[in-house]
Amino acid sequence: MSESTEKTAVYLDFIREAVAKDIAEGRTREVRTRFPPEPNGWLHIGHAKAIYVDFGVAESFAGRCNLRFDDTNPEKEDSSYVDAIKRDVRWLGYDWEDREYYASDYYEKLYELARLLIRKGLAYVDDLDEEQIKEYRGTNVPDKNNITYTPPGRNSPYRDRGVEENLDLFARMRAGQYPDGSRTLRAKIDMAHPNLLMRDPVMYRIRREPHYRTGTIWCIYPMYDFQHPLSDAIEGITHSLCSLEYEIHRPLYDWFIEHCEVFPSRQIEFARLNLTHTVLSKRWLIRLVQEKKVSGWDDPRMPTLAGLRRRGYTPEAIRDFLGRIGIAKTDSMVDIQLLEHCLREDLNKRAARYMAVLRPLELVIDNWPEGRVEMLEAVNNPEDPHHGKRLIPFSGKLWIEREDFQEVPPPKYFRLFPGNQVRLRYAYIVTCTGFDKDPATGEILRVHCSYDPETRGGDAPDNRKVKGTIHWVSADQACSLEARLYEHLFESERPMDIPEGGSFLDNLSDKSLERLRGAKGEPALAALEPGTSVQFERLGYFCVDTDSKPGALIFNRSVSLRDSWAKIAKKSM
RNA sequence: UCCCCGGUUGUGUAAUGGUAGCACAGCAGACUCUGGAUCUGUUUGUGGGGGUUCGAAUCCUCCCUGGGGAACCA
């Protein structure tokens, strides 16, 4: 039979399913979405999920996604954040073309829409202050037993002002005739509504604060609930995708669209991303930066896109991760190991291999001809022959990894110990003949071995099995480098679970950064550009740091290689 | 208290009244000049009770449980 008779299961997440239905049933022809960041912080991996959903859903239906800055709070926003956000979205691999919009460009239109609501008797200027509004809303009232309950709210005494008076008052608000906080414009909905957000929400507040784009032109600013649906409408957004916390705002979203008689966008909510061992809340990330717990927004331990980039994460790995975690409405906590897995998988295919020694121990080949240096051939990437080969210098004095030698080997250890044979990667098979030890401290100072000249390149002509292969660097030709090893910023899987009376900062790990300044690498490492990702054989993937300079090389460990020895060692303990 | 939304192996996520699958993690093995990579095999799940049905993760109902909301922030 032809393949066309076979049922091909095409999986659509619940959002794409809803969009497909809207198209099938004729509610919309094209799909238009938007990614609406507020420029008050740098983007993190949680935003990356939103970007992936917003741009991805549009792309699935041959639609378009706008980039819109939701900038209606002048107290927190700044153009430096706009630049950082644009750079990060582009880096992740998304293009908004010429569709770069700002809610602040809609202020005049929004003002007119507010006047429309006033004329329809659906909005009024209120003279109540912040405290009074809260009290009239009828919330947080403790009863005799000190249990809070939610009574119906009471109407503001200013609720029934006439249309003309409201229009005049609102114009005066805009004109700056009243002090900050003295009046608001409120939607007239229902002060007894069970959804507290529907109890006459504030649409405009007075705030004399220069805005990074509109300067001092305005002293009244629209609130999110009023502004967002209408901004969506102005741009013809068909599907306004946002996180679960806005679910309860949807009736309001719909109310403003209906009564302003504008383009009917549809809001659909999905669960935001949570990751183990980190925090993804702008408020908390900003504290880490401000209280200098990290070096900045782009500290390689930060879950920001800039931090991940500096750490060595690739956009491909992040997008792969986002695709794997899926989209749903269940609150979830994704294991950060999945992110790490995606990075390893991507870099395994692409990163060139090099040898570097993090904690050097001297290895002397006693039968090596004095002063001789050989150039040996090494494969750049066993996963992909197109990467070619390179030559690395080899001599009788090498650096090896301190943990690759044991005076007394633990069970199943097949690296260097007295009497044992190992292969020096791409070089020779050597036999450990002894070691020098500081009698006072017990520290191993130097390991001695002899090499087998018949095994050049690492192959034994007699086909003998050598179980262990270790990496090395020729001491005289090596370049010095600093390796920065990172662990999770928080040891706790859920750092947001704060101990009684403490702060999430108490959960900060003191092992999240280890700087190894005495590391040694093969000479070619010195020529790499900042941002380049490589694999240090047997150790992990490393990325040349943005601060790395000739003579002061810095490599960030992006992620370690899977370490099955660690498991064996742990088990036999 | 009230309102809204959820609960499928350890973690995510499918199955849309008809065989509970996939990925990661875990475990076991094969292979290997990275204890890497790759490959093979494999353990573990529908929150609970009742109902509808030939048949329920799916529909109804009660309970349990988790998250969110009650800003002149977004």
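All chains are named by letter (A, B, ...) in the order of the sequence lines, taking the proteins before the strands, and each is independently numbered beginning at 1.
- Every side chain to side chain donor-acceptor pair (under 3.5 Å) that A:D105 has, sequence neighbours left out, goes to A:R213.
- Comparing the same atom, P, in B:C64 and in B:A28 gives a spacing of 43 Å after rounding to whole Å.
- Contacts classified as salt bridge (charged side-chain N to carboxylate O under 4.0 Å, His left out) and involving residues 266-284 of chain A (residues at least two apart or in different chains) are given here: A:D22-A:R266, A:E245-A:R272, A:R250-A:E269.
- Residues passing the salt bridge (Lys or Arg N to Asp or Glu O under 4.0 Å) test with A:D200, sequence neighbours excluded: A:R159.
- Residues from residues 346-355 of chain A placing a heavy atom under 4.0 Å of any atom in RNA chain B, listed by number, are A:N348, A:R353.
- Annotation: ring-ring contact (aromatic ring centres under 6.0 Å, His included) contacts of A:W472 (sequence neighbours excluded): A:F394.
- Applying the side chain to side chain donor-acceptor pair (under 3.5 Å) definition to pairs two or more places apart or across chains, none involves residues 559-569 of chain A.
- The base of B:U38 has none of its N or O atoms less than 3.5 Å from a complementary donor or acceptor on the side chain of A:E383.
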Hey, what are the protein-to-nucleotides 19-25 of chain B N/O distances that come in under 3.5 Å?
from, atom 1, to, atom 2, distance (Å)
B:A23, O2', A:R324, NH1, 3.1

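- Not counting sequence neighbours, the partners of A:Y541 by the side chain to side chain donor-acceptor pair (under 3.5 Å) test are A:Q535.
- Distances shorter than 4.0 Å separate none of the side-chain N or O atoms of A:T469 from OP1 or OP2 on B:U32.
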Pairing string of RNA chain B (Watson-Crick or G-U wobble, both atom distances under 3.5 Å; | = paired to other strand) is .((((((..((((....[..)))).(((((.......)))))....(((((..]....))))))))))).....
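- Pairs of residues two or more places apart, or lying in two chains, that qualify as side chain to side chain donor-acceptor pair (under 3.5 Å) and include a residue from residues 185-197 of chain A are A:D126-A:R186.
- In this structure, the salt bridge (Lys or Arg N to Asp or Glu O under 4.0 Å) partners of A:K329, at least two apart in sequence or on a different chain, are A:E247.
- When the side chain to side chain donor-acceptor pair (under 3.5 Å) test is applied to A:R423, the partners found at least two apart in sequence or on another chain are A:T469.
- Nucleotides B:U11 and B:C60 place their P atoms 27 Å apart, quoted to the nearest Å.
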